[in-house]
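Here's the structure we're looking at; comments come further down.
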Amino acid sequence: MDKYIIGSKYTRTEIRNLENDPGTMGKWDRGYLEHNKEIFIFSTYGGESYTGIDYGDKWIDSETFFWNGQKKSNVQHKHVKMMLDPNVDKRLFVRKSNSNKNKLKGAPFTYKGLVNPIKVSGENPINIIWKVNSNATNYIEMDDVSNFDNVGKGYSIITFSNKDTAVLSEREFIKRSDQLKKDCLKLNNYQCEINFLHDTFKSKRSEENYMETHHIIPISAQKYYDNKLDCLANISCLCPTCHRLIHYGIWKEKLPLLRKLYDSHFDNLKKSGIILQSLDAISIYY
């Protein structure tokens, strides 16, 4: 049973005691922190915090919360990476701004439950839209997005624009090209890029060895790149087992696969205007 009750109020000191943390109180004075492999987020919304700063945090609706990170936060920061990790629990505590800053400093927070990010944007600071008590995953490979009517209409070739997005069920998804998927499979002779000996079965559509396509840098990271991530250089051909391993396997088993894809696609990604400084530019998403 969870030690925190949704809707109940807790001061920072009470939370620290519940977590049995003998460390300094300063740790629990932060806007967000990591403890026991969980992320705790504390937000004063609807106006200034007791420090006199209005971070712009606000409720979009009863289950959707807009939140800004610290001044120099970005996706490379340790705690932000944990926030975007679907395997890490994120707990949201909020309180409404009060004109009396002295009372606000020690005021309790209302626990809203576990949250998951549904949209990430910006840097220095980063901002995240959280969904409360949601089972949503952070980075979604929408292989069936081609079923959406608008996919393929107004689809540009290289430069990414707002024409390359579509909104489905209150989420913004990026359109993908079915033709690029077909080209990738043919280019790789319907063989797995990790090991060409990985056999599967004959596809009833192509009558070739069944393979799947995978975006090395997830489409959800498009906001951090000017050129389109839905390009041949960023698409790999994988057998179903390797594809699932990259998405759902443990880190030490998926890392060699990510490194191989990074090495084999690096030059073509560069030619496509997608510059990667290191393997970390990919591994952050897995």
Side-chain angles (χ1 to χ4, degrees), residues 1-59 63-98 100-118 120 122-138 250-252 280 283-286:
M1 183 177 179
D2 198 335
K3 67 185 75 172
Y4 299 102
I5 301 173
I6 294 175
S8 295
K9 296 181 182 296
Y10 303 89
T11 64
R12 293 179 186 268
T13 299
E14 287 172 336
I15 295 171
R16 177 195 179 198
N17 291 338
L18 282 170
E19 294 298 323
N20 193 28
D21 184 10
T24 62
M25 189 61 210
K27 169 183 175 181
W28 292 95
D29 282 338
R30 301 170 188 168
Y32 52 91
L33 58 100
E34 181 272 331
H35 180 72
N36 285 341
K37 298 181 180 180
E38 292 185 335
I39 290 291
F40 291 73
I41 302 168
F42 298 94
S43 171
T44 299
Y45 68 92
E48 296 181 355
S49 66
Y50 72 88
T51 59
I53 300 175
D54 183 355
Y55 290 95
D57 296 0
K58 61 183 180 181
W59 286 101
E63 296 182 347
T64 314
F65 190 71
F66 178 87
W67 173 86
N68 274 294
Q70 294 175 351
K71 186 175 180 180
K72 296 183 178 181
S73 58
N74 58 61
V75 293
Q76 300 297 333
H77 288 182
K78 174 186 174 182
H79 290 160
V80 175
K81 287 183 179 181
M82 293 185 70
M83 290 179 187
L84 304 182
D85 186 340
N87 298 311
V88 174
D89 284 343
K90 282 78 65 173
R91 298 183 181 275
L92 177 63
F93 297 82
V94 302
R95 64 185 177 191
K96 189 172 177 56
S97 179
N98 188 309
N100 189 329
K101 301 297 186 296
N102 291 328
K103 287 187 177 181
L104 185 60
K105 183 175 182 179
F109 293 81
T110 299
Y111 179 55
K112 303 303 292 187
L114 298 178
V115 294
N116 272 300
I118 60 172
V120 183
E123 59 179 326
N124 303 322
I126 195 170
N127 56 70
I128 298 176
I129 295 179
W130 298 101
K131 203 71 171 178
V132 178
N133 297 317
S134 167
N135 291 322
T137 55
N138 301 303
I250 61 175
W251 178 247
K252 68 178 182 179
D280 288 342
S283 61
I284 183 179
Y285 301 109
Y286 296 95

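- Between the side chain of Lys131 and the backbone N or O of Ile129 there is no donor-acceptor pair closer than 3.5 Å.
- In terms of modelled atom types and a separation under 3.5 Å, the side chain of Asn36 and the main chain of Glu38 share no donor-acceptor contact.
- Taking each heavy atom of Trp67 and Ser43 in turn, the nearest pair found is CD1-CB, 4.2 Å.
- Glu34 pairs by the side chain to side chain donor-acceptor pair (under 3.5 Å) definition with nothing, not counting sequence neighbours.
- A 4.5 Å side-chain heavy-atom check between Asn87 and Trp251 finds every atom pair outside the cut-off.
- By the 4.5 Å heavy-atom criterion applied to side chains, Lys112 and Phe65 are not counted as neighbours.
- To the nearest 0.5 Å, atom CD of residue Glu14 and atom NZ of residue Lys9 are 11.5 Å apart.
- Residue Ile41 comes nearest to Trp130 through the heavy atom pair CD1-CZ2, 3.5 Å, listed as atom of the first residue, atom of the second, then distance.
- The distance from the CD1 atom of Ile39 to the CG atom of Leu92 is 12.5 Å, given to the nearest 0.5 Å.
- Using a 4.5 Å cut-off on side-chain heavy atoms (C-beta onward), Ile15 and Phe109 make no contact.
- Taking each heavy atom of Gln70 and Pro125 in turn, the nearest pair found is O-CB, 2.9 Å.
- In this structure Ser8 satisfies the side chain to side chain donor-acceptor pair (under 3.5 Å) test with no other residue, sequence neighbours excluded.
- Separation of atoms NZ (Lys58) and OG1 (Thr64) is listed at 12.0 Å; rounding is to 0.5 Å.
- For Tyr10 (side chain) and Ile5 (main-chain N/O), a donor-acceptor pair under 3.5 Å exists by modelled atom type.
- The two residues Ser97 and Gly47 make their nearest non-hydrogen contact at OG-C, 3.5 Å.
- Side-chain contact between Phe66 and Asn127 is present, with at least one heavy-atom pair separated by less than 4.5 Å.
- Two residues are said to be in side-chain contact when any heavy atoms from C-beta on lie closer than 4.5 Å; Met83 and Val88 fail this criterion.
- With hydrogens and angles disregarded, a donor-acceptor distance shorter than 3.5 Å links the side chain of Ser73 to the backbone of Ile126.
- The closest side-chain heavy-atom distance from Leu84 to Ile128 is below 4.5 Å.
- Taking the centre of each ring, Phe42 and Phe93 come in below the 6.0 Å mark.
- With rounding to the nearest 0.5 Å, the separation of OH in Tyr4 from CG in Leu18 is 5.0 Å.
- Residues Asp280 and Lys81 are not paired through a salt bridge, judged by the lack of any N-O separation under 4.0 Å between the basic side chain and the carboxylate.
- For Asn68 (side chain) and Asp57 (main-chain N/O), no donor-acceptor pair under 3.5 Å exists by modelled atom type.
- When all heavy atoms are compared, the tightest approach of Leu114 to Arg91 is CD2-CG, 3.7 Å.
- Under the rule for a side-chain contact (heavy atoms from CB on, under 4.5 Å), the partners of His35 that lie at least two apart in sequence or sit in another chain are Glu19, Asp21, Lys27, Trp28, Leu33, Phe40.
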